[in-house]
Amino acid sequence: MSSSPPSNPAVPTKNKLNILSFTGKNKILHLGWMAFFLTFFVWFNHAPFLSAIGETLNLTKDQIKTLLILNVALTIPARVIIGMLTDRFGPRLVYTAILAIGAIPCFTFAFAQDYNTLALSRFLLGFVGAGFVVGIRLMSDWFPANELGTAEGIYGGWGNFGSAAAALLLPTVAIIAAAIVGGDEGWRYATATSGVVMMLYSVIFYKMVRDTPKGATYFKPKKSGAMMVTSAGDFWLMMAFKLPMYLALALLGWKLSPAGVSLLSQDSVTIVYIGLVVLYIYEFVSSYRFNKEIFTTPVPKAHQYDFKQVGILNILYFATFGSELAVVSMLPLFYQETFSLSIVMAGVLASSYAFMNLMSRPGGGWLSDKYGRKITLLILTAGLAVGYLLMGIVDSTWPIALALLITMFCSFFVQAGEGAVFAVIPLIKRSMTGQFAGMTGAYGNVGSVVYLTVLSLVSYQVFFFVIAATAVVGFLALFFLKEPEGVIIEEMPDGSFAQIKVS
């Protein structure tokens with residue numbers, strides 16, 4: 001082992017990030033955000049049609065709100081699994097599979113004739129939401145650290161805009177489809193069309209994307225099968241942070257039980273609870289076996305990282321992306337019911353929240369690159385709390401223009417915060433970026449399940465206040481975050497070590 005590792009050749013530093021270019025790493029950036037855009041477009045293709053879907057299938061308000069929870073539930077385990085698969089098989093293959101396979105539940109949702117089919121399809125579509133973590137790994141292998149926050153901000157922000165594009169475009173597509181086909185179920189053809197486009201793009205992505213620049217090393221975890229930690233304390237912390245993911249799925253089970261919407265019998269829900277307990281025990285044992293050496297043998301410094309960094313980012317993403325998923329799901333209905341608007345107008349106004357992604361998420365990454373990761377996160381998280389506090393006091397007496405302005409103000413801090421979170425993730429340990437992104441991304445879905453469950457029990461105002469309160473918790477946790485500095489050291493496939501500059 002050399003005491004002075006050579007510079008890492010894995011990330012190109014030539015050819016600056018240029019959004020007007022479609023060559024080299026800039027081509028990968030554009031192909032990546034377009035893939036993410038389409039997954040988000042499909043993932044939230046139901047949002048502008050909630051009232052129309054309810055009328056078509058005679059759904060209750062509680063059933064509609066349960067669809068929102070189901071839509072984000074599967075993404076919790078999916079992001080963790082997809083992150084591990086990405087680190088092992090590479091972004092190109094994994095993203096292609098998500099784009100192609102994800103179209104299937106989109107079609108079954110579009111033409112569902114009963115609530116059970118509708119609910120199952122929406123649950124399975126949560127798989128599509130896992131695509132985000134694939135692109136995080138892809139960007140980290142194409143962009144150097146001084147551009148990484150900006151690149152991942154553009155990838156995440158422009159990709160997240162897919163939900164806004166769905167709210168803006170799909171109602172018009174539905175109107176056109178209804179005029180051509182007849183009837184009042186144009187929403188079916190609009191949602192199905194989004195699945196067709198995503199499936200076609202999977203072919204383009206597969207043919208045009210590479211995992212790394214030519215001649216570069218694709219870093220893989222030293223071991224695969226579970227998440228590696230490098231100290232006994234980190235093992236217990238990791239298992240503590242895995243527990244909320246299981247509790248969120250248990251919360252979903254409760255919501256589907258006779259105490260909720262009665263989609264599952266009490267016996268079935270009990271089986272779900274038992275299954276979650278068994279799975280957690282299995283994961284605990286598997287993780288212990290995978291990491292058992294750390295309890296007897298110190299880990300070499302070259303392999304060490306601090307899991308606390310990941311845990312803090314999990315909390316922040318719970319509040320940022322978790323709230324975005326929840327708010328994007330319910331905001332068209334909020335505008336429609338609060339201000340007595342049409343479906344199309346409510347969709348247009350609600351899209352302003354996700355529209356901010358075009359600038360705010362890249363802005364969060366850029367601010368992190370320029371001014372530092374920790375201070376940027378502190379400021380953005382504080383702004384997020386204020387934004388949701390303001391949204392909680394909006395009611396029907398407010399001018400719509402002012403409500404819209406507050407929505408966009410809040411959205412800026414939420415999405416810039418997301419960009420700042422993922423500006424830190426690849427700087428912890430590059431070879432495990434997919435796994436870290438998967439776990440932190442899953443916490444965003446844990447947040448959305450919790451927030452949407454809260455929404456099903458309380459008013460819109462209390463819902464926004466709850467999000468503001470969790471943002472305060474994230475703000476306090478940030479004081480324990482260490483600013484990434486110096487270099488991270490990765491083991492090369494030949495056993496030598498390479499150092500990667502992070503500041």
Side-chain angles (χ1 to χ4, degrees), residues 75-84 86-87 130 132-134 136-137 139-140 145 148-149 152 156 219 221-246 248 283-284 287-288 290-291 294 299 303-322 365 368 373-374 376-378 381 417-447 470 473-486 488-490 500 502:
T75 319
I76 296 172
R79 285 194 167 191
V80 175
I81 295 168
I82 290 298
M84 298 175 98
T86 301
D87 284 340
F132 167 71
V133 304
V134 184
I136 290 296
R137 177 64 201 258
M139 296 306 120
S140 74
L148 188 56
E152 292 191 344
F219 290 105
K222 187 173 178 63
K223 298 189 293 182
S224 60
M227 183 176 288
M228 181 185 76
V229 289
T230 55
S231 72
D234 279 358
F235 173 81
W236 296 112
L237 187 61
M238 175 185 71
M239 295 313 303
F241 269 98
K242 284 182 177 290
L243 190 57
M245 294 189 281
Y246 289 88
E283 182 167 17
F284 183 94
S287 297
Y288 175 79
F290 188 81
N291 292 287
I294 63 174
V299 175
H303 292 302
Q304 290 179 10
Y305 75 92
D306 188 355
F307 184 82
K308 181 182 67 178
Q309 299 282 89
V310 182
I312 293 169
L313 297 175
N314 290 347
I315 295 170
L316 292 173
Y317 215 59
F318 181 104
T320 54
F321 191 63
S368 290
R373 318 296 181 184
K374 185 172 181 176
T376 300
L377 281 167
L378 281 166
T381 305
E418 296 164 8
V421 166
F422 274 90
V424 180
I425 288 285
L427 305 183
I428 300 173
K429 190 171 180 63
R430 186 178 296 277
S431 64
M432 296 180 65
T433 294
Q435 294 182 65
F436 295 155
M439 188 176 193
T440 298
Y443 256 78
N445 289 83
V446 171
T470 56
V473 174
F475 179 83
L476 296 174
L478 267 171
F479 287 98
F480 298 94
L481 183 75
K482 287 190 263 184
E483 180 78 31
E485 56 185 24
I488 53 177
I489 301 175
E490 295 285 358
I500 304 169
V502 300

Flag side-chain contact, heavy atom, 4.5 Å: T433 against V133
no

Is there a side-chain contact between M238 and S287 (heavy atoms, below 4.5 Å)?
yes

Using the ring centroid of each side chain, check whether F436 and Y305 are separated by less than 6.0 Å.
yes

Answer whether the closest heavy-atom distance between the side chains of M228 and K429 falls below 4.5 Å.
yes

Quick one, E152 and S140 - any side-chain contact, counting heavy atoms below 4.5 Å?
yes

Using side chain to side chain contact (heavy atoms under 4.5 Å, CB included), reason through F241 and V310 one step at a time and then give a plain yes or no.
CA-CA 9 Å; F241 269 98; V310 182; over 6 Å; no

Does the side chain of F422 come within less than 4.5 Å of T440's, by heavy atoms?
yes

Residues passing the salt bridge (Lys or Arg N to Asp or Glu O under 4.0 Å) test with D234, sequence neighbours excluded, are none

How about F235 and F307: do any of their side-chain heavy atoms sit closer than 4.5 Å?
no

Mind telling me whether F132 and Y317 have parallel, tilted or perpendicular rings, with 30° and 60° as the class edges?
parallel

Could you give the distance from CG (L427) to CD (Q309), rounded to the nearest 0.5 Å?
10.0 Å

Spatial distance of atom CE (M245) from atom CZ (R79) [nearest 0.5 Å]:
12.5 Å

Check against side chain to side chain contact (heavy atoms under 4.5 Å, CB included), F479 and L378:
CA-CA 8 Å; F479 287 98; L378 281 166; 4.1 Å; yes

Roughly how far, to the nearest 0.5 Å, is CD1 of I425 from CE of M432?
11.0 Å

Mind checking the OG1-CG spacing from T470 to L316? Nearest 0.5 Å is all I need.
10.5 Å

Considering all heavy atoms of both residues, which atom of S368 and which atom of A423 are nearest to each other, and what is their separation?
CB-CB, 3.8 Å

Taking only residues two or more places apart in sequence or in another chain, which ones pass salt bridge (Lys or Arg N to Asp or Glu O under 4.0 Å) with K308?
none

Distance (rounded to the nearest 0.5 Å) between Y443 OH and I76 CD1
10.0 Å

Looking at CE of M227 and CG of D87, how far apart are the two atoms once the value is rounded to the nearest 0.5 Å?
9.0 Å

Side-chain donor/acceptor of E483 to backbone N/O of K374, under 3.5 Å:
yes

Do I294 and N291 touch side chain to side chain, with heavy atoms closer than 4.5 Å?
yes

Grab the two heavy atoms, one from G434 and one from R137, that are nearest each other, plus how far apart they are.
N-CD, 4.2 Å

Minimum heavy-atom distance A437-I136, with the two atoms named
CB-CG2, 3.9 Å

For G474 and T381 the tightest heavy-atom approach is C-CG2, 4.2 Å

Compare all side-chain heavy atoms of I428 with those of D306 and state whether any distance is below 4.5 angstrom.
no

Taking F284 as the fixed residue, which of W236, Y246, F290 is the one that meets the ring-ring contact (aromatic ring centres under 6.0 Å, His included) rule?
W236

